[in-house]
Amino acid sequence: AFTYTALLQGLCDAGMVHEAMAVFAWMRPDGCAPDQHVYSTMVHGLCGAGRTGEADALLTEAMGEGFVPNVVVYNALIDGYCSTGDLELAVGVFEGMQSKGCSPNVRTYTELICGFCKSGKVERAMVLYSQMVEAGVAPNVVTYTALIQGQCNMGHLEFVFRLLHLMEASGLVPNEWTFSVLIDALCKSGRIEEAQQFLESLVQKGIKVNQVVYTSMMDALCKAGKFDDAHTLMHKMVMEGFVPDTHLYSSHIYGLCREGKLSEAMLQLDDMIDNGIQANAVTYTILIDKLLREFGSDGPKQIFDRMIVAGIKPD
RNA sequence: AGACAAAGAGA
């Protein structure tokens with residue numbers, strides 16, 4: 001079963017869920033009974049392919065034959081329902097596992113909290129948060145980050161800082177994800193100066209932030225027309241020896257295009273490729289879109305060919 | 001020795 005888990009996971013990760021199902025079906029004839037690890041892998045694989053209903057059916061069938069799922073298996077299914085937005089079904093699984101004597105853990109609660117936050121139901125997420133604390137399950141950084149994101153999306157930015165304090169009071173340290181959620185929320189709600197100040201304060205405290213934070217900042221600056229700040233940001237990062245990734249380069253190229261600096265945008269493209277960073281369909285689309293607007297239907301021809309030559313499939 | 005949760009770019 002160890003071998004099978006590894007194999008199934010490999011197939012699922014490669015998007016070969018169909019093949020994984022076939023291998024799974026061969027386990028019994030092969031004399032190897034699927035265990036909890038195998039089931040969680042299959043459930044996760046099916047859910048990742050958008051086949052959550054099948055994952056659920058697979059489990060139900062196995063349980064009918066006496067299989068007893070553990071918390072990891074249930075978590076995989078709950079996560080599947082959360083990511084398709086079927087929150088009530090997720091809650092159904094959550095309640096079902098408890099009635100079968102399986103206690104939810106941090107991940108279970110965090111998945112549900114994240115699901116509710118993403119669909120704008122922060123209140124229910126907060127209820128779950130209280131429930132988990134009551135049940136003696138300690139929230140972790142991921143839990144708090146999800147809640148912070150939920151409150152951010154609702155525009156409750158003041159509440160967010162309360163959550164941050166609550167989190168630190170329980171001995172948890174916000175991480176890069178936490179900061180990226182915060183800064184992105186500040187940016188997307190138009191509070192760019194606050195985001196800039198916050199970012200600056202992090203840097204001064206010696207806290208490392210990553211590409212995601214810089215991309216949020218870059219995106220916001222470009223969309224607000226603050227091109228000089230955007231270029232300065234890019235320049236500063238490069239001076240600090242930071243190598244921007246595909247997202248960051250793309251958002252800067254987007255800014256240059258909006259500013260009308262097409263040739264500089266093209267230079268950035270060369271620059272990223274020189275740095276060994278892959279340009280993808282998004283990157284090329286930004287340039288193609290601008291070239292179309294500037295030069296009409298023949299404008300993007302060269303760049304389109306470059307994209308094809310680079311082996312990038314248009315989407 | 002194997003399985004599950006949170007963040008950023010274009011149309």
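The sequence lines fix the lettering, A, B, ..., with proteins before strands; numbering per chain opens at 1. Atom set for the values below is all heavy atoms of this structure, side chains included, hydrogens, waters and symmetry mates excluded.
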Keeping [X] on the side-chain end and [Y] on the backbone end, is there a donor-acceptor pair under 3.5 Å?
{"X": "Gln268(A)", "Y": "Ile253(A)", "answer": "no"}
{"X": "Thr246(A)", "Y": "Gln278(A)", "answer": "yes"}
{"X": "Asp184(A)", "Y": "Cys187(A)", "answer": "no"}

Counting only side-chain nitrogens and oxygens, does [X] get under 4.0 Å of the OP1 or OP2 atom of [N]?
{"X": "His37(A)", "N": "rA1(B)", "value": "no"}
{"X": "Gln36(A)", "N": "rG2(B)", "value": "no"}
{"X": "Lys118(A)", "N": "rA5(B)", "value": "no"}

[X] has an atom [atom1]; how far is it from atom [atom2] of [N], in whole Å?
{"X": "Met217(A)", "N": "rA7(B)", "atom1": "CE", "atom2": "C1'", "value": "15 Å"}
{"X": "Ile113(A)", "N": "rA5(B)", "atom1": "CD1", "atom2": "P", "value": "16 Å"}
{"X": "Ile148(A)", "N": "rA6(B)", "atom1": "CD1", "atom2": "C1'", "value": "10 Å"}
{"X": "Tyr214(A)", "N": "rA9(B)", "atom1": "OH", "atom2": "C1'", "value": "17 Å"}
{"X": "Asn153(A)", "N": "rA7(B)", "atom1": "CG", "atom2": "C1'", "value": "11 Å"}
{"X": "Glu176(A)", "N": "rG8(B)", "atom1": "CD", "atom2": "C1'", "value": "13 Å"}
{"X": "Met307(A)", "N": "rA11(B)", "atom1": "CE", "atom2": "P", "value": "14 Å"}
{"X": "Asp245(A)", "N": "rA7(B)", "atom1": "CG", "atom2": "P", "value": "16 Å"}

Which listed nucleotide ([options]) is nearest to the side chain of [X]?
{"X": "Thr285(A)", "options": "rA9(B), rG10(B), rA6(B)", "result": "rG10(B)"}
{"X": "Trp177(A)", "options": "rG8(B), rA5(B), rA7(B)", "result": "rA7(B)"}
{"X": "Phe2(A)", "options": "rC4(B), rA1(B), rA9(B)", "result": "rA1(B)"}
{"X": "Ser180(A)", "options": "rA7(B), rG10(B), rA3(B)", "result": "rA7(B)"}
{"X": "Ser40(A)", "options": "rA3(B), rG8(B), rA5(B)", "result": "rA3(B)"}
{"X": "Asp289(A)", "options": "rA11(B), rA3(B), rG2(B)", "result": "rA11(B)"}
{"X": "Asp315(A)", "options": "rG8(B), rG10(B), rC4(B)", "result": "rG10(B)"}
{"X": "Asn280(A)", "options": "rA9(B), rA3(B), rA5(B)", "result": "rA9(B)"}
{"X": "Asp184(A)", "options": "rA3(B), rG8(B), rG10(B)", "result": "rG8(B)"}
{"X": "Val282(A)", "options": "rG10(B), rG8(B), rC4(B)", "result": "rG10(B)"}

query: Going by 5.5 Å between centroids and 30° between planes, is there a stack of Tyr254(A) over rA9(B)?
result: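 Stacking is absent between rA9(B) and Tyr254(A), given that the ring centres and planes do not meet under 5.5 Å and under 30°.
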Just to be sure I understand the rule, does [X] reach a base, reach only the sugar-phosphate, or reach nothing, if contact means heavy atoms closer than 4.0 Å?
{"X": "Asn175(A)", "value": "base"}
{"X": "Lys223(A)", "value": "sugar-phosphate"}
{"X": "Ser251(A)", "value": "sugar-phosphate"}
{"X": "Asn105(A)", "value": "nothing"}
{"X": "Ser216(A)", "value": "sugar-phosphate"}
{"X": "Val72(A)", "value": "base"}
{"X": "Thr41(A)", "value": "sugar-phosphate"}

- prompt: Looking at Tyr39(A) versus Tyr74(A), is the centre-to-centre ring distance below 6.0 Å?
  reply: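 Ring-ring flag for Tyr39(A)/Tyr74(A): false, centres at least 6.0 Å apart.
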Side-chain-base donor-acceptor pair under 3.5 Å for [X] and [N]:
{"X": "Asp35(A)", "N": "rG2(B)", "result": "yes"}
{"X": "Asn210(A)", "N": "rA7(B)", "result": "yes"}
{"X": "Asn140(A)", "N": "rA5(B)", "result": "yes"}

- request: Please check if any side-chain donor atom of Tyr81(A) sits under 3.5 Å from a side-chain acceptor atom of Asp56(A), or the reverse.
  value: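 Tyr81(A) vs Asp56(A): donor-acceptor pair found between side chains.
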query: Side chains of Tyr249(A) and Asp271(A): donor-acceptor distance under 3.5 Å anywhere?
result: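 A pair is found: one side chain offers a donor N or O, the other an acceptor, under 3.5 Å apart.
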- prompt: Taking NZ, NE, NH1 and NH2 as the nitrogens, is one of them in Arg191(A) or Glu158(A) under 4.0 Å from a carboxylate oxygen of the other?
  reply: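 Salt bridge: yes.
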